[in-house]
Amino acid sequence: MSAPKVVAATIRLTVPAGGARPAPPVGPALGQYRLNLMAFCKDFNARTQKYKPETPMAVTITAYKDNTFEFTVKSPSVSWYLKKAAGVESGSSRPGHVTVSSLSVRHVYEIAKVKQSDPYLQNMPLESISKSITGTANSMGIKIVKDLD
């Protein structure tokens with residue numbers, strides 16, 4: 001039986017889908033741990049080609065002492081999806097007082113379905129994920145309504 005690999009670092013980055021290049025922010029982050037930049041860029045771009053370009057993807061890279069690495073790609077943040085669905089640049093400056101937009105429950109369920117594919121949300125029921133998304137929307141000043149008029 002081989003000995004377990006020794007973890008050198010865990011690196012968290014937000015990289016646009018299909019847009020990993022050995023330039024900042026990816027280059028310096030991986031370079032300081034002597035990881036193969038081109039191997040990461042090719043792998044990441046291949047894994048994220050089903051998403052639209054420029055979609056911000058959260059990636060967690062585990063760097064090992066023997067200069068190898070593993071990474072997991074998570075889908076974009078809930079707030080990014082909510083802003084896209086509502087068609088706004090940013091949330092409300094005064095959530096609870098100023099409503100910037102409104103979305104239907106159907107939008108929330110669609111976002112929940114996409115988020116359910118994330119490794120850490122696979123075992124959560126769709127209803128729980130939807131409640132979490134509704135809470136995020138409220139804190140951004142986006143109103144959730146039963147049906148859009």
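This is a predicted model, so every value here is computed, not measured.
Sequence neighbours left out, the pairs with a member in residues 119-134 that pass salt bridge (charged side-chain N to carboxylate O under 4.0 Å, His left out) are Glu127-Lys131.
When all heavy atoms of Ile11 and Ala63 are compared, the closest pair comes out as CD1-CB, 4.5 Å. In terms of heavy-atom proximity, Thr55 sits nearest to Pro76 at CG2-CG, 3.2 Å.
Judged as a side chain to side chain donor-acceptor pair (under 3.5 Å), and not counting sequence neighbours, Tyr109 has no contacts. The salt bridge (charged side-chain N to carboxylate O under 4.0 Å, His left out) search around Lys84 returns none, not counting sequence neighbours. Asp66 pairs by the side chain to side chain donor-acceptor pair (under 3.5 Å) definition with Thr68, not counting sequence neighbours. Every residue was checked against the side chain to side chain donor-acceptor pair (under 3.5 Å) condition with Glu110, not counting sequence neighbours, and none meets it. Evaluation of the ring pair (Phe, Tyr, Trp, His ring centres under 6.0 Å) rule for Tyr81 yields no partner, not counting sequence neighbours. Partners of Ala46 under the side chain to side chain contact (heavy atoms under 4.5 Å, CB included) rule, at least two apart in sequence or in another chain, are Gln49. Applying the side chain to side chain contact (heavy atoms under 4.5 Å, CB included) test to Thr14 and every residue at least two apart in sequence or in another chain returns Pro56. With sequence neighbours left out, Ser128 forms a side chain to side chain contact (heavy atoms under 4.5 Å, CB included) with Met124, Pro125. Checked against side chain to side chain contact (heavy atoms under 4.5 Å, CB included), Ala137 has the following partners two or more places apart in sequence or in another chain: Leu82, Ile142, Ile144.
Atom CD of residue Glu70 and atom OG1 of residue Thr10 lie 10.5 Å apart, to the nearest 0.5 angstrom. With values rounded to the nearest 0.5 angstrom, Leu126 atom CG is found 8.0 Å from Ile133 atom CD1. To the nearest 0.5 Å, atoms NZ (Lys113) and OG (Ser130) are separated by 9.5 Å.
Proximity of Phe71 to Thr60: side-chain heavy atoms (C-beta onward) are nowhere separated by under 4.5 Å. The closest side-chain heavy-atom distance from Trp80 to Val78 is not below 4.5 Å. In this structure, the side chains of Val73 and Met57 come closer than 4.5 Å at one or more pairs of heavy atoms.
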